Amino acid sequence: MASKINTVKGTREFYPEEMALRNYLYEKVGVAARSFGYQEYDGPFIEPIDLYAAKSGEELVKKQSFTFEDRGGDLVTLRPELTPSLARMIAAKQGELTFPARWWSFGPFWRYEQPQKGRTREFFQWNIDMLGVSSPEADAELIAVGANFLRSVRLDPQQATIYVNNRRLMDAEFDALKIPSEKRMDVSNLVDRRTKMEPAKWDAYALELALDQTQLNGLKDVLGNLDLWKKSDELVRLFATLEALGVKEYVKFDPNIMRGILYYTGTVFEAFDNSGSVKRAILGGGRYDNLLEDVGGQPLSGVGFAMGDVVMGIVLQEKGLLPEFIPSPAPVLVTIFDETLIRDSYALAAEFRNAGLNVLCYPEPAKLQKQFKFADKMKARIVVTLGPDEVAKGLVAVKNLVNSEQVTVKRDAALELIKGLLAGA
RNA sequence: GAGCCUGUAGCUCAACGGCAGAGCGCCACACUGUGGAUGUGGAUGUUGAGGGUUCGAAACCCUUCAGGCUCCCCA
């Protein structure tokens, strides 16, 4: 007995239905990106580990990446993110590219983590970035791309919201609270955790990090102040631009959004599903002003975000927003009446295909009832039958499964009739 | 890397030491040249895998794999 080989933990098999969703997301992110003039690109799926070690915490890279030695003895890894590859690609052609550069990508990534709801070890991610400009208007554009995408998959602003904050603003507030610079990382983490912990525990944790009571009270005031954005010129301009771009209702200021990522310097944002079971961010990003220097380029600032397909898929599924799955790409089925007429049906189907139609044939003689049932299951819209009566008179029977009407027409007229029916409905 | 929960028919689940079941789906027929509806009948399981306890294990114990929920992390 052959032993069953399982899939690698955390990887995914895309049956046609899942593949359809993946392609649907690919289509929608592409439409949103192109509508703002972004070009598609991609990087290698395998990268030297050093590309990530340069910028990210080394432990993180070693523990949470699929890393291995290639046959030449070099340490390589399945890419856990795209931004470093992007930074290198931009840096390599920095002199010849025209800025601002607007690029997007949708491809596979791997992270060696514990699979949970909304998190797998293999996933697809949309990355979109604008490089070479540092302005709140550029930040607003990226947020608008995200909002337009959410709208295009029929998530309304009550269901999905993009929460925005600004690192520079928060730094100014931390300055005012006299929080020393070496504590900033810890405080960022603290803020990130606030929604996950009970208030009393969070307070205790904050004091444990050596904040004094005055600082803690000040921090809570800051995090509860939804008008804080008015103190930031960048955010004032950002929100004004979002209004002009027609996406204001998707965006809210939230001083609790920090993002753990080291390289963000200004605007940061994350989108969440407000009502579903997934507490993870749908998408997240921000402005990074120093990234290119890390890979040997001249200083160049950028803004961008990433969105994973796993959380997005769960959100759409929970809200009943998945696109309808059609089991067959062929809307037309030509039946096989019996063994003597197989070739006639196949020849007719070939004619339809040559005219550009997608056509399904039953691959062996079977009862017509069975073939019609099959057509119904495949969600075909038209069934063409070529039986002895029709052949004798040079006719074909064309049935519209949507309204159950069947007409018999001359064989030569069938193609136009079918095209008309398909175009009509 | 740590803790807890769950794996039973294709799917959703029941049986909780004593003959492995239901609904849905599937197949056939009613309807031998026509889908969705209805009715009747039918098939389907090494109870995730491996070991142990027991007269007897889907159930109890151990190991392992997979999934889920937390912690951690989330580039």
Side-chain angles (χ1 to χ4, degrees), chain A residues 1 3-13 15 47 49 51-65 77-87 109-121 123 125 127 188-189 192-193 196-197 201 258-264 270 277-281 283-286 288 291 294 304-306 308 310-311 314 333-338 341 362 365-391 395-408:
Chain A
M1 188 204 254
S3 64
K4 190 185 161 197
I5 308 293
N6 289 325
T7 55
V8 172
K9 182 172 185 163
T11 61
R12 299 148 76 202
E13 296 180 307
Y15 287 79
E47 288 278 18
I49 182 100
L51 178 67
Y52 308 99
K55 168 187 73 62
S56 318
E58 210 161 316
E59 278 303 299
L60 207 62
V61 172
K62 279 187 181 153
K63 285 175 75 176
Q64 305 208 311
S65 305
T77 183
L78 295 175
R79 62 180 188 184
E81 60 164 329
L82 191 58
T83 307
S85 304
L86 169 66
F109 295 86
W110 295 266
R111 292 180 191 172
Y112 197 83
E113 300 185 280
Q114 282 310 309
Q116 292 174 25
K117 187 170 197 177
R119 180 200 274 175
T120 57
R121 288 185 174 180
F123 56 95
Q125 196 171 69
N127 284 267
S188 290
N189 279 331
D192 262 346
R193 280 193 204 178
K196 290 186 191 169
M197 292 175 80
K201 275 188 163 179
M258 288 300 286
R259 293 187 63 70
I261 303 148
L262 300 169
Y263 52 66
Y264 289 127
E270 285 184 330
S277 67
V278 192
K279 299 301 171 214
R280 297 174 186 287
L283 62 83
Y288 45 91
L291 193 60
D294 295 341
F305 68 83
V310 181
V311 170
I314 293 172
L333 180 137
V334 177
T335 60
I336 305 301
F337 189 83
D338 61 25
L341 292 172
Y362 212 77
K367 292 170 94 172
L368 282 183
Q369 185 185 39
K370 193 170 175 182
Q371 299 188 50
F372 270 80
K373 273 192 178 174
F374 181 72
D376 193 51
K377 285 212 175 119
M378 291 298 109
K379 295 209 167 104
R381 288 155 58 192
I382 288 165
V383 175
V384 178
T385 302
L386 198 55
D389 298 346
E390 288 84 6
V391 170
L395 302 171
V396 296
V398 176
K399 181 163 185 178
N400 180 347
L401 291 190
V402 178
N403 61 12
S404 297
E405 285 173 13
Q406 176 165 310
V407 293
T408 303

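Letters A, B, ... mirror the listed sequences (proteins, then strands); counts begin at 1. Model, not experiment: these values are computed from the prediction.
- Between A:Y288 and A:Y264, the ring planes lie tilted relative to each other; the angle falls in the 30° to 60° range.
- Atom CD in A:E47 sits 3.5 Å away from atom OG in A:S85 (nearest 0.5 Å).
- Between the CZ atom of A:R280 and the P atom of B:C69 there is a distance of 8 Å, rounded to whole Å.
- Separation of the C1' atoms belonging to B:G45 and B:A2 is 36 Å when rounded to the nearest angstrom.
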Find every protein N or O atom lying less than 3.5 Å from an N or O atom of nucleotides 65-67 of chain B, and list the pairs.
unit_1	atom_1	unit_2	atom_2	d
B:C65	O2'	A:N6	ND2	3.4
B:G67	OP1	A:G10	N	3.4

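- Rounded to whole Å, the distance from NZ on A:K117 to P on B:C69 is 6 Å.
- Contact annotation for A:R193: backbone-only contact, meaning every heavy-atom pair under 4.0 Å involves sugar-phosphate atoms and none involves a base.
- In this entry the distance linking NZ of A:K201 with C1' of B:C71 reads 10 Å, nearest Å.
- Contact record, A:S404 with A:K399: O-CE, 3.8 Å, taken as the closest heavy-atom pair.
- Where RNA chain B pairs in unbroken runs of 3 or more (Watson-Crick or G-U, both distances under 3.5 Å), the stems are B:1-7 with B:65-71, B:10-13 with B:21-24, B:26-30 with B:38-42, B:48-52 with B:60-64.
- Across the protein-nucleic acid pair, A:Q64 atom CD and B:C71 atom C1' stand 13 Å apart, rounded to whole Å.
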Subject >> Sequence-aligned protein contact record of nucleotides 28-35 of chain B, with B where the base is within under 4.0 Å of a protein heavy atom and S where only the sugar-phosphate is >> reply: SS-B-BBB
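- Atom CG of A:D192 and atom C1' of B:C74 are 10 Å apart (whole Å).
- Atom-to-atom distance recorded for A:N400:CG and A:Q406:CD is 10.5 Å, nearest 0.5 angstrom.
- Remark: the backbone N or O of A:P80 is paired with a side-chain donor or acceptor of A:R111 at under 3.5 angstrom.
- Counting to the nearest Å, the C1' atom of B:C69 and the CZ atom of A:R119 are 13 Å from each other.
- Protein atom CD of A:Q114 is 13 Å distant from nucleotide atom C1' of B:C74, rounded to whole Å.
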